Amino acid sequence: MTNLTLKQLRYFEALARHGHFGRAAEACSISQPALSMQIKTFEEELGGDLFERGGRQVRLTGFGEEVARRIGDIVRSIDELEDYARASRDGLVGRLRVGVIPTVAPYLLPSLIGSLTRLHDGVDIHVRETQTPRLIQELNEGRLDMAIVALPVSEPSLTEFALFTESFVLVRPREDEDKPVPSREALREMKLLLLEEGHCFREQALSFCHAGTRTMQQRDLLDASSLSTLVQMVDAGMGVTLIPEMAVAVETRAAAVSVVPLGKPQPSRTIGMVWRRTSPLNKQLLEIAQVIRASAGALQSAGRVAPA
C-alpha cells in the first residue's frame, strides 16, 4: 500500500461527510466519475469496501468508519501543518475558512471581508454560513479556522473571544407605532414570529419572554427561516417579532414596520469569535477579532434605534 495520496484522503473524507457522490464531487471541484474512480482505487489499495452503495446515498461500512476516524486525524494534522506555515509568515496569507451564524452573516460579512482583504492582501477567504452546532462540529474537525457565533458556546477545546454585545428590538406593524411599547408579559400574549427550530436567536427571544414552546400556545408561534422573512411577515400583519439591532438597517428599509427598543432589562446577545485552542493562527486570529470589532461598531451605529 504505497500509492495513497493526500487527494484520495480528502476525496474519501468528502464522500464520507456528504454521503452522496454528486455533492462530494462538487465540494472537491472534480467530476463525479473522477471521484468514483479515485474512491474505487482507494478501496483497492486498502483491500476492502469503504462504502455501501445503494440508490442515491452511500454509507460507510464498518471498515470505512474505522478508516474515517484515522483519516480524520491525518487530514487535521496536515491542515495544522499548513496553519503553522501560514503562522510563520508575516501577516495573514492563504486560505482563511470562516464560519458565521445566519443572523450575523448578511450584515457583518460585506464590511468584514472588505476590511480583511485591504489589511491582508494575500488572504483567500472561504465563508461557511450555518447554525452554531454545525459550525462547532466543523471547527473541531478542522474544516474551519474560526467561527462567529453567539456566546457562550462552552466548548473546552475552543477559545472564546467576545466581540460585541447588541440589543434586540421589537418589530411591529407601522400602524402600531403610536401604541405603548409592550412589556415582557404583554409580548408573551402577542402573536410572536420566530426563526425556526435550531437557530440560537429563537431560543434567546423565547428566553427574554420567559417562555418556551410548551408554555406558549402553538398557534401563537409562527416560524421563518430568516430575519428578512420575519420582518416581511410583520409587514403583512401576521404578528410581531424581535430582531438584533445590527439587522435593522438592512431588513426594515423596504418594509412598512415600526421598530422600537424594549423596556429594561433589554434583551441582548454577545457575539464572539471562537477557534481551536491548538490553532497556530492564534496571533492572526486575535488581530482579525479587532477588525471584526471595528466593523461591527460601525454597523451598530448605523442600525441603532432611538427610544420611543
Side-chain angles (χ1 to χ4, degrees), residues 99-108 129-137 147-155 160 162-173 176 179-248 250-252 255 257-272 274 296 300 303-305 307-308:
V100 194
I101 55 175
T103 55
V104 169
Y107 321 109
L108 183 60
E129 179 186 341
T130 190
Q131 295 173 10
T132 300
R134 188 66 178 170
L135 292 177
I136 299 306
Q137 178 185 344
I148 301 171
V149 299
L151 299 182
V153 295
S154 303
E155 280 280 328
E160 296 186 15
L163 295 168
F164 60 91
T165 298
E166 65 173 343
S167 299
F168 303 162
V169 296
L170 176 68
V171 182
R172 55 185 177 173
D176 292 346
K179 294 181 179 179
V181 179
S183 65
R184 184 182 306 196
E185 292 72 23
L187 187 61
R188 206 179 299 165
E189 302 301 320
M190 301 173 77
K191 187 172 289 185
L192 186 61
L193 310 176
L194 298 167
L195 290 176
E196 62 192 0
E197 293 280 358
H199 288 272
C200 57
F201 188 76
R202 173 192 176 94
E203 304 309 318
Q204 292 158 351
L206 285 172
S207 176
F208 168 70
C209 297
H210 286 303
T213 52
R214 291 183 180 178
T215 59
M216 295 183 75
Q217 294 184 12
Q218 189 62 39
R219 62 182 177 84
D220 292 332
L221 294 174
L222 297 175
D223 297 345
S225 61
S226 70
L227 296 178
S228 178
T229 302
L230 287 178
V231 173
Q232 294 305 315
M233 290 166 72
V234 174
D235 188 358
M238 297 177 67
V240 300
T241 193
L242 303 180
I243 66 172
E245 210 163 29
M246 179 185 291
V248 170
V250 172
E251 302 301 353
T252 66
V257 296
S258 170
V259 182
V260 64
L262 290 154
K264 294 182 179 181
Q266 281 189 313
S268 64
R269 66 177 180 177
T270 297
I271 298 297
V274 294
Q300 285 182 292
R304 193 153 285 133
V305 177

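Note that this is a predicted model, so its numbers are computed, not measured.
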Do Gln266 side-chain atoms and Ser167 backbone N/O form a donor-acceptor pair below 3.5 Å? no

Leu227 CG to Thr103 OG1 distance, which is reported to the nearest 0.5 Å: 6.0 Å

What closest approach, in Å, do Pro261 and Val181 show between heavy atoms, and which atom pair accounts for it? O-CG1, 3.6 Å

Walk me through whether Leu242 and Leu170 qualify under side-chain contact (heavy atoms from CB on, under 4.5 Å). CA-CA 5 Å; Leu242 303 180; Leu170 176 68; 4.0 Å; yes

To check you understand the geometry: which heavy-atom pair defines the closest contact between Pro173 and Val240, and what is its length? CD-CG1, 4.3 Å

My understanding is that only one of Val100, Ile271, Ile148 makes a side chain to side chain contact (heavy atoms under 4.5 Å, CB included) with Leu108; could you say which? Ile148

The side-chain contact (heavy atoms from CB on, under 4.5 Å) partners of Ala224 (sequence neighbours excluded) come to Thr229, Leu230, Met233

Any non-hydrogen side-chain atom of Ile243 less than 4.5 Å from a side-chain atom of Val259? no

Taking it one step at a time, do Arg172 and Met190 satisfy side-chain contact (heavy atoms from CB on, under 4.5 Å)? CA-CA 11 Å; Arg172 55 185 177 173; Met190 301 173 77; 5.9 Å; no

Here the pair of heavy atoms bringing Phe208 nearest to Pro265 is CE1-O, 3.7 Å

Enter the distance from His199:NE2 to Ser225:OG here, rounded to the nearest 0.5 Å. 7.0 Å

Just to verify, what does Gln204 make a side-chain contact (heavy atoms from CB on, under 4.5 Å) with, not counting sequence neighbours? Ala150, Phe168, Cys200, Phe201, Arg269

Nearest heavy atoms of Ser154 and Glu160, plus distance in Å: N-OE2, 2.8 Å

Distance from Glu129 atom CD to Leu135 atom CG, nearest 0.5 Å? 9.0 Å

Carboxylate-amine/guanidinium proximity below 4.0 Å for Arg202 and Glu197: yes

Testing the basics here: between Thr241 and Leu192, what is the closest heavy-atom pair and its distance to 0.1 Å? CA-CD1, 4.3 Å

To the nearest 0.5 Å, how far apart are OG in Ser226 and CG in Leu195? 7.5 Å

Could you walk me through whether Asp176 and Ser258 pass the side-chain contact (heavy atoms from CB on, under 4.5 Å) test, one step at a time? CA-CA 7 Å; Asp176 292 346; Ser258 170; 5.9 Å; no

Can you see which heavy atom on Val231 is nearest to which on Val257, and at what distance? O-CG1, 4.0 Å

Partner residues of Ala162 under the side-chain contact (heavy atoms from CB on, under 4.5 Å) criterion, sequence neighbours left out: Leu151, Thr270

